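In this text, all values refer to a predicted model and were calculated from it rather than measured experimentally. To find a chain, count down the sequence lines: A is the first, B the second, and so on, and within it residues start at 1.
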Amino acid sequence: MTVLTSTTALAQAPSILDVGDGVVLPILLKVALVLGLFFVVPLVGGYLEHKVMGRMQNRRGPVEAGPFGSLQLVADGIKFIQKEDIIPRAADKPMFALAPGLALVPALLVFLVIPLGPGVFAVDLELGLFYALAITSISVLGILLGGWASANKFSLIGGLRAGAQLIAYELPLIITAITVAVMAGTLSLVGIVEAQANFTLPGLEGFNLWFVFPQIVGFAIFFVAAMAELSRPPFDMPIGDSELVFGYMTEYTGIKFAMFLLTEYAGMITMSALMVVLFLGGWQILPGVATPGCEGAAGIMSCDPIGIAISVLVTLAKIMGLVFLMVWARVAYPRLREDQLQRISWLVLVPLSLANLAFVTILTVVL
Amino acid sequence: MSDLETTERVLPSNAPGEDVAFEILGDGDFPTAEMSLSIGPAHPATHGVFRIVLDLDGERVRGARPVIGYMHRGFEKLAEYRDYRQIAALTNRHDWLSGFCNELGVAIAVESMLELEVPDRAQWIRMLMAEWNRILNHLMFIGSYALELGAITPMFYAFREREDIQHLMESATGGRLHFTYNQPGGVKIDLPKGFLKRSAEISKVTRERFDDYVDLVLGNEIFQGRTVGVGPLPQDVALSLGITGPTLHATGIAEDSRVTEPYLKYGDIDVEVPLGENGDAFDRFYVLLHRIRASLDIIDQIHDHMPAGPVNSKLPKMVKAPEGAIYVRTENPLGQLGYWLESDGGRTPWRFKMRTPSFSNVQAIPYLMQGALLPDAISILGSVFFVVGDIDR
Amino acid sequence: MAQTSLPGTGLLKGLAVTVKHLFKRPATLMYPYERNELAPRTRGVIALMDENCTVCMLCARECPDWCIYIDSHKETVPPAKEGGRARTRNVLDRFAIDFSLCMYCGICVEVCPFDALWWSPEFEYSEYTMDALLHEKDKLREWADTVPPPPALDEGAEAPAEVTEAIAKAEKELEAAAQKEADKAAAAEAATTEAKAGGSGPKKADEPKVAAGEIDQETYDALIAEGKSERIARSKAKAAYVKKEKARLKAEADAGGGDAEAAPTPKAADIKVEAGQIDQETYDALIAEGKTERMARAKAKAAWVKKEKARLAAEAESAAGAGAPAGEEAEPPSPTDAAGSDQAPSTDAPAEEPAATRKLGDVHVEGTGEIDQETYDALIAEGKSERIARAKAKAAWVKKAKQAKLDEEGGA
């Protein structure tokens, strides 16, 4: 933390949604942005998963609902709403009902700080990175709770695995994020994007580098840890449909089940968005390329509407690219075993990320 | 309550590669409770109504008890009230993934009792069909085993292949799963025009796609991590439990009745029996996958050998096996299938006893699961290839 | 064994395999929009040709699930001749298959001695309730129109029993006819030649077949007027009808140059008559109604045949005095004779029209098992079995002999 205090915090960037002098309108706009992000982008991600997975498995994926099956997840949502909401007799009913919400709401809250473009975010917190990582971890509480409250042995094992997995993977995830913060000198997500636009190595002046290049190891660790934290295959032991029959979700039906699913897709999006912000230069098109219509800070800030639109599209494209990678891993790999996962985390990822942190800190000081 | 009164050293979960041993400390101050977890009768990994009661200590399996019989349909008794033609349709259904091989056993049994000579062409056709059926069966298990380990994709690839093969077999037999193509004295009707050509084409395509499975599953480090050293089965245990088929071959014993006691025309061609070394889950899968290749080799040989001629012999209106008894064993995809047929000369058997490979193979489950982790228990369950209908009959 | 050398290569290979498939054409068949071409032998549904059914109950008895329900009653048929014995025959009242019980083993189809049961690849008859799967005679008959011709057999296959038997039978008939002819001597020559023609000759499978049940009204009336029994009149009228139909169809086929390929079983021949011809109107209407393509085609075919028949009946009526009463020795057609060809009586028929329309089938030749050596050698050289070669060579000989005779007559 000493590293952090020694850096000068960048001035918080204003959101473009802070229009007028009133309080109500900006808030409404921000809520609309976050809810829009929360409900639309995960569905797009989910559609991408369906389609990519289908094509990779030599089939077509959804085709019936909407053009090219694009409304499949919407149709699924409607189906889930119609389904009977079953609560097991032995279940701890209040907790059972609370769990999906507890998992879902944090996933929603993360969208508050995620910048999609210059000024396109709800709020640029000074501790944005810290906030994002802290909030995403809460979801696991919901999962643990759901596993416990279901009064089902499979769910219990699933919930416990999810808890163990969280502890194991939160550490490399956070250490890697700290490494990025050290390089950027800020915890603000907007600030990190800006820092990447200005980051160069000696001898490469005029050509900025995203953090993924000096920190390819960090990016890999973050990617693996994010997948593990999201319980995405090949780290889906808490769900393990062939072992634990969907683990903590076994007893859930209807809308509650849908909430867990939405949590998973929203998690994919937020984690991808974090990776885009931390490693892939945010909304910058390519390293060294200024976005048309933008002026400030290496050509990615102070944009006109066209520039903003391009920036948002670039961010979304990068997010979908990462989602594609996650889907690809899901299609190609079998599931790991819980102890193997712990071993990978504690014996490989944690030491590696610590080494990475030390390396980057030294590098930053030297430069 | 726990039985861990004192410090207990638990063996490394599953032998090779794992050098970290777990020490469970228990002196009564922090007692752990054993949990009994019932996997099945309706569980995705049991693919059918099969149940295993696991005694769990955390994720470690202390004991496993298979509970069978949920799908008991009384095949042996049913067969006593069916004539031989109907029995062929009946036996199609105990191991529903190897319908042709099952009915083949019945046909051979009846023919042997009648001392009926089966035309050459019929025997070669039977072999061709049996090998295609074997591939169908193995593809299914390759898909489902990968699915049990969390890999979803091989299932789709396997079913794509299965679809082609089923279509091929349907063009000759009329069935996709229950072929009912055998009759005492041969097969019901000759192959349709172009069958052998199509068969050769599919054989070629399947051979080409074989590498995909090796790359996607067998060569994958995660898959190896999940299977190598998991559930090793020693040869003596395998033999004493009467385990046959790929599960036995994985231990390195090449007992395959196509080779050791050839029926049909298996004696005239080369039959390769892929073998494993350690008898662990990886070896079982390895053997299963390579048996597909071996079967494709056999199919190609059959294409070269297929003679012309009749495919069935003249039968009396009602086939009656003469008084006596016979035991016929054939190599089913999952292991050795034996039919004990006892006749009193009537139109139905007096006794029809089945020795099905799945029933014997699941006997190994308690032995293999002892001390394994829960995910490994699933891995073991999937690698001891069985069909629930074949266990319960 | 299959351990990879470099750590991580296995993981990369998995990615490579999956991404390779990303750019491949999906294997999915878009089912309701596209359909798989099902093999003719596909066991989709059991179809019933109830006109062939003699209520022998074999199917119901052999069925392992007892899912076939048959009801019938006995009908007394007046004696065929004066002073003869009255006979009884079974009339099918109900034939139902419970497809919720059926295990699709095909034993019923196999055991049916009169080819009343057939497999059709039609499979889209799922229902919301189990009892709706109990299908009655009418529905089963509808499916019979969808039965495809059996596929040709593989090169190395022996000719199916039906074909070899038909050939053998035809030869036997030829021999018998020759014997008969010798006995009857020159006086009866012309009559016998004509009468036997219909059923003899190995080209039987090629002969156009017509559906039974239709009778030639004029013949019937004439016979009744002569005081014949109703049954005899009916059977003869039927025969007359069939004869006429055949002549017409043949003429048609010859005119169109359509040399229908030989089908291995009589069944195929049965279908062949209708093959290709569909009633476009019916077809379109059914498709519009949302029926499956296969069903629509089958029904349209049936509609075509029906229309044709109606047209022919009309024609027959307008032509005066075509069907003359036949000889005394005529027997009612027995189902076994027809062996699945819709009871089309292949035996005695009323005297025929002018010689101008004479075809190969109308000519009679004597044969005592001679074979066409040339054909035989060729087939043997092709690697056919001795049995097939002999059968085909015999057929070739008969054909040649007939042609020769026909030419001779034409010259005379």
Exceeds 12 heavy-atom contacts within 6.0 angstrom, atom NZ of A/K79
yes

Of all the residues in residues 138-151 of chain B, which have a heavy atom that comes within less than 4.5 Å of a heavy atom in chain A?
B/L147, B/E148, B/L149, B/G150, B/A151

Could you state the interatomic distance from CD1 (B/I39) to NZ (A/K153), rounded to the nearest 0.5 Å?
11.0 Å

Distance check, rounded to the nearest 0.5 Å: B/D376 atom CG versus A/D339 atom CG?
7.5 Å

Examine whether an atom of A/M53 lies under 4.5 Å from a heavy atom of chain B, and if so say whether it belongs to the side chain, the backbone or both; otherwise answer neither.
side chain

Short question: side chain of B/R226, backbone of A/P334 - any donor-acceptor pair under 3.5 Å?
no

Return the CG to CG distance between B/L37 and A/L244, rounded to the nearest 0.5 Å.
8.5 Å

Counting only heavy atoms not in A/K83, do more than 12 fall under 6.0 Å of its NZ?
no

Any chance you could measure B/T227, atom OG1, to A/R337, atom CZ, to the nearest 0.5 Å?
9.5 Å

Under 4.5 Å to a heavy atom of chain A? For B/R160 that would be side chain

Nearest 0.5 Å, please: how far is CZ in A/F154 from NE2 in B/H43?
4.0 Å

Which atoms of B/S38 are under 4.5 Å from chain A, going by heavy atoms: the side chain, the backbone, both sets, or neither?
backbone

Is the shortest side-chain heavy-atom distance between A/R330 and B/I152 below 4.5 Å?
yes

Check for a donor-acceptor pair, side chain of A/Q57 on one end and backbone N or O of B/Y157 on the other, with a separation under 3.5 Å.
no

Is there a side-chain contact between B/P375 and A/Q340 (heavy atoms, below 4.5 Å)?
no

Measuring from B/L56:CG to A/I157:CD1, what's the distance to the nearest 0.5 Å?
5.5 Å

Bottom line for A/P234: the part with an atom under 4.5 Å from chain B's heavy atoms is side chain

